[in-house]
Amino acid sequence: MSTKEIALFGKNKKSLLLLLIFFFWVGYVSFTGYQFYTQGSKLAEHVAITRVANLDYILQSSIGDLVQEHPDGIKDKLSQARKLHFVDFFILQKGTEPLFFENNSGKLEELNHNYANFNELIEVNGLKFKTIKVMDYRLTAGIRSNIGTTLLSTLKEMIPMFIKDIFVVTTFLSFVAFLVLRDIINLSKVLSSRSREEIANIKTTSAEADTILKASVGLEGERVRLEKLSETYGETVGPAIRYELKSGKEAPYSFAATLCRIDLNGYTQMFLEKDDKYMTTILNQYFARAREVIERHGGLIYQFVGDEIVFLFKDEMAPDLSSESLAIACIRDLFHEATVIEKNLPAEANHYFKLKGSLAKGTMRFTRLDEGHALSGLPLIESVRLLSLIDDKTHQVLTFFQEASPSAEGLAFIFDRKVNQLKGFKEESMLCRSRDFNSIEWVFDSNMWERLAYFRSDEHMLFVLKKVRLMAVTRRDDDIVRMLTALKYHRFENTTQEIVSEAEMTLTSFLRGEEEGLLSTKALSAVVSLLGRIIPKNLWSTTLQDSVVRLLEHKDPRVQANAIVVLGRYGFPARKIWENMFSSNNRVAADTIVEVAKQQLNSDVWDALHRLLNSAHPNHKKSGEYALESIVKYYQDTDPVYLKTNPILSKMLAKSTKKAA
């Protein structure tokens, strides 16, 4: 027999051993149970015969006392017999008058009858009894003759012995099975956890487990490699392409968007005059700030081409807003960042740092190439042509088509309009140019609160927080709600400590204002949600957390729900909010389920989710579906392996897939 055959035989033998252990246990329990029942039945029959004999003996031994008319002695004797379960009931009658009796119910009418059949064993309604007559005395005694009751009673007495026998065998077999399955159990625990680094430390003793371990180590290594490769590609491929790839849609397909181009004036001259280190430093500073500005406005960078940045705003990403207005606001802030860089240039730099920009709205197309993917569409060409028309070197200028001018209202001043025929286009177009922009102070002075959606810099946010903090004590609740509603798309990954300090004071003012009736709970709820979106995790303060924790007990469910979402974002312990998963308010329950599930998964999470999903109330069911999809998406993005191996997540994934189908 070859080594390979021996190894295979060993594997089959161990696998067969597990089957034998299982079937042996099932067979042993079944056979022992059958024996238990058979012996119990025989013993029950024996007990029934013995009890009838005891009944006859007790009645016969009572005749002497009845002849001598000593009924009290008979009572004591019969009571003792009943305690010993020789009889279950008895009654002594003198003529038709009962002298004494005993039965389970203590009711005389159940026994006090005119017994006419003497010295004859009578069986009726599950009872056996006999009556003897001595002079005027009639003594009746009986037993319960239900064989099922007798059997059950007998089996109960035998159960401890049966359980002990099964326990010993089960313990032994479990120990044997554990020795065989221990490696696989340890391996499955590691694979089903979120931290799989310990997989390399597992020591195996069985051939099956060793094979599975090697395969798991290989797959884990491949997962890590692919994860690093994905990160590398993510840094190489622009966010716009990455966003489309993650959407799950299959190319090609089209979407509406506004495409922008930003170019650095005089870049060629700078490149020729300055050394590589200088250019790298200043461009990295510019690109880093530009990336943050574009991301704050919800834009997606498509390409960095030398000094040029090509990015876009998809209509579908902010359906309540104008993608052209977002583009104009973003370019305004990019111009501001360029001004800051220019002001901080060293005196010997001897160059300016000014940008020019263009934007064009239209249909973009996401397509697959021979290698990779790309965007195409008329806005790509139009934006190039528009950018080429800007020759002003002393100002930062933005150009766009006349059709976009309504989107510039409240954001940019159009200083020039002219008709021009773009290169490669047959028809002429009306073009607009802007180099000055409306300030956030102008928005407040004009009460154009909806335009606040397009002001997203740190300076803008600081200004807004200071304003709403002051307005919180002047009963301008409606204005505050409109302002905060306009800020619902604001999401910051970085900000300043100054904003954090202002946020602390703002939240304190809102809490006080709501308590004093100056502000509505809607305003309080909105500001809590805003602060949770603009304060980075590394700057989240104890002061803010303590204030938000207070709101977990707020009477308004909307405030509670927002507080739970915000606290969850900053890692507030799940054990402190888990009870809210079973809240009577569906929104509070759903948000809590999601936040708790991100930290820990147990039967409570599943029970709470299941309760919503199976609710007869449509809103509760919809909230359950929201929670389900949010949890599945979270783990799809963060740990797809855990999503497949964790039993609770597996049930959620199956339910989500079934719903989608």
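Start at 1 with the first residue, then count along the sequence. What you see is a predicted model, and the numbers here were worked out from it, not measured in a lab. Worth knowing before you read on, the calculation uses all heavy atoms, side chains too, and leaves out hydrogens, waters and symmetry mates.
- A donor and an acceptor atom, one from each side chain of Gln421 and Ser429, are nowhere located under 3.5 Å apart.
- Residue-environment remark: NZ (Lys467) stays at or below the threshold of 12 foreign heavy atoms within 6.0 Å.
- A salt bridge does not link Lys361 with Glu324: none of the charged nitrogens is closer than 4.0 Å to a carboxylate oxygen.
- In this structure, Arg533 forms no cation-pi arrangement with Phe492, as its terminal cationic atom is not both closer than 6.0 Å to the ring centre and no more than 45° off the ring axis.
- Counting heavy atoms from C-beta on, the side chains of Gln402 and Ile414 never come closer than 4.5 Å.
- For residues 369-418, the ring pair (Phe, Tyr, Trp, His ring centres under 6.0 Å) pairs, not counting sequence neighbours, are Phe366-His373.
- Between the side chains of Thr363 and Ser254, not a single donor N or O lies within less than 3.5 Å of an accepting N or O.
- Within the 4.5 Å cutoff, side-chain heavy atoms of Phe510 are placed close to those of Ile480.
- In this structure, Ile631 and Ile593 approach most closely via the heavy-atom pair CD1-CG2, 3.8 Å.
- For the residue pair Asp477 and Ser520, a side-chain donor N or O sits within less than 3.5 Å of a side-chain acceptor on the partner.
- Counting non-hydrogen atoms of other residues, nucleotides and ligands closer than 6.0 Å to CD of Gln636 gives a total above 12.
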Practice task
With side-chain contact (heavy atoms from CB on, under 4.5 Å) as the test, would you mind laying out the steps for Thr496 and Val500 before giving the verdict?
Solution key: CA-CA 7 Å; Thr496 64; Val500 176; over 6 Å; no

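- Between Leu359 and Cys260, the shortest heavy-atom contact is CB-SG, 4.0 Å.
- The 12-atom threshold is not exceeded at NZ of Lys522, counting heavy atoms of other residues, nucleotides or ligands nearer than 6.0 Å.
- Around atom CG of Asn538, more than 12 heavy atoms belonging to other residues, nucleotides or ligands sit under 6.0 Å away.
- The existence of a salt bridge linking Arg550 and Asp546 is excluded, since no basic side-chain nitrogen approaches an acidic carboxylate oxygen closer than 4.0 Å.
- Side-chain atoms of Gln599 come within 3.5 Å of backbone N or O of Ala574 as a donor-acceptor pair.
- One finds no salt bridge joining Arg435 and Asp416 here, because no Lys/Arg side-chain nitrogen approaches an Asp/Glu carboxylate oxygen to under 4.0 Å.
- To the nearest 0.5 angstrom, Leu487 atom CG is 12.5 Å from Arg482 atom CZ.
- In terms of modelled atom types and a separation under 3.5 Å, the side chain of Tyr302 and the main chain of Ala374 share no donor-acceptor contact.
- We find the CG-CG distance between Leu465 and Leu531 to be 6.5 Å, quoted to the nearest 0.5 Å.
- Here the OG1 atom belonging to Thr592 is positioned 3.0 Å from the CD1 atom belonging to Ile564, to the nearest 0.5 angstrom.
- Between Leu259 and Phe311 there is no side-chain heavy-atom pair separated by less than 4.5 Å.
- In this structure a side-chain-to-backbone donor-acceptor pair under 3.5 Å is missing from Ser656 to Leu653.
- In Glu441, the CD atom is crowded: over 12 heavy atoms of neighbouring residues, nucleotides or ligands sit closer than 6.0 Å.
- For the residue pair Asp392/Thr394, the side-chain donor-acceptor check at 3.5 Å is satisfied.
- For the pair Arg332 and Phe455, the cation sits on the ring face: its NZ or CZ lies under 6.0 Å from the ring centre, inside 45° of the axis.
- Looking at Arg451, its side chain never comes within 3.5 Å of a backbone N or O of Ala486 through a donor-acceptor pair.
- Heavy-atom minimum distance, Leu375 versus Ala240: CD1-CB, 4.2 Å.
- Between the side chains of Asp320 and Tyr489, a donor-acceptor pair is found at a separation under 3.5 Å.
- When only modelled atom types and interatomic distance are considered, Arg385 and Asn420 share no side-chain donor-acceptor pair under 3.5 Å.
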Exercise for the section: Output, in order, the C-alpha distance, side-chain angles, deciding distance and verdict of side-chain contact (heavy atoms from CB on, under 4.5 Å) for His351 and Lys274. Expected result: CA-CA 10 Å; His351 68 83; Lys274 305 297 180 181; 3.7 Å; yes

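- For Asp276, the CG atom counts as loosely surrounded, since its 6.0 Å shell holds 12 or fewer non-hydrogen atoms of other residues, nucleotides or ligands.
- With a 4.5 Å cut-off on side-chain heavy atoms, His336 and Val293 do not count as touching.
- For the atom pair OG (Ser439) and CG (Leu411), the distance works out to 11.0 Å, reported to the nearest 0.5 Å.
- Judged by distance alone, with hydrogens and angles left aside, the side-chain atoms of Tyr286 form no donor-acceptor pair with the main-chain N or O of Glu337 at under 3.5 Å.
- Between Phe335 and Ile262, the closest side-chain pair of non-hydrogen atoms falls below 4.5 Å.
- Annotation for Leu552 and Ala563: closest pair CD2-CB, 4.3 Å, computed over non-hydrogen atoms.
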Exercise for the section: Check the pair Val528, Leu551 against side-chain contact (heavy atoms from CB on, under 4.5 Å), reporting the backbone distance first and the verdict last. Expected result: CA-CA 9 Å; Val528 169; Leu551 300 177; 3.4 Å; yes

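- Environment of CD in Glu316: crowded, with over 12 heavy atoms of neighbouring residues, nucleotides or ligands closer than 6.0 Å.
- Residues Glu629 and Val594 fail the side-chain proximity criterion, which asks for heavy atoms closer than 4.5 Å.
- Within a 6.0 Å sphere centred on CD of Glu498, heavy atoms belonging to other residues, nucleotides or ligands number 12 at most.
- Using modelled atom types and a 3.5 Å distance limit, the side chains of Asn646 and Tyr642 yield a donor-acceptor pair.
- Using a 4.0 Å cut-off between charged nitrogen and carboxylate oxygen, Arg456 and Glu295 do not count as a salt-bridge pair.
- Side chain of Ser325 to main chain of Leu321: no donor-acceptor pair is present (N/O by atom type, distance under 3.5 Å, no hydrogens or angles).
- Defined by atom type and a distance below 3.5 Å, a donor-acceptor pair is present between the side-chain atoms of Arg261 and Ser383.
- Side-chain atoms of Ser525 and Asn562 include a donor-acceptor pair closer than 3.5 Å.
- Contact of the Tyr352 side chain with the Lys393 side chain is registered, since non-hydrogen atoms from C-beta on lie closer than 4.5 Å.
- Applying the side chain to side chain donor-acceptor pair (under 3.5 Å) criterion to Glu502, with sequence neighbours excluded, gives Arg469.
- To the nearest 0.5 Å, atom CD1 of residue Ile301 and atom CD1 of residue Ile294 are 4.0 Å apart.
- Cation-pi geometry between Lys598 and Tyr634 is met: the NZ or CZ atom falls under 6.0 Å from the ring centre, inside 45° of the normal.
- Scanning all heavy atoms of the two residues, the minimum distance from Ile390 to Gly357 falls at CD1-O, 3.4 Å.
- Shown here for Leu355 and Gln396, the closest heavy-atom pair between the two residues is N-OE1, 3.0 Å.
- Judged by distance alone, the side chain of Asn284 and the main-chain N or O of Thr280 form a donor-acceptor pair under 3.5 Å.
- Summarising the geometry, atom CZ belonging to Arg417 is positioned 4.5 Å from atom SG belonging to Cys432; distances are rounded to the nearest 0.5 Å.
- Electrostatic pairing of Asp458 and Arg296 counts as a salt bridge here, judged by a charged N lying under 4.0 Å from a carboxylate O.
- Between the side chain of Glu342 and the main chain of Phe353, a donor-acceptor pair closer than 3.5 Å is present.
- Within the 4.5 Å cutoff, no side-chain heavy atoms of Leu519 are placed close to those of Leu524.
- In this structure, Tyr454 has no ring-ring contact (aromatic ring centres under 6.0 Å, His included) partners at least two apart in sequence or on a different chain.
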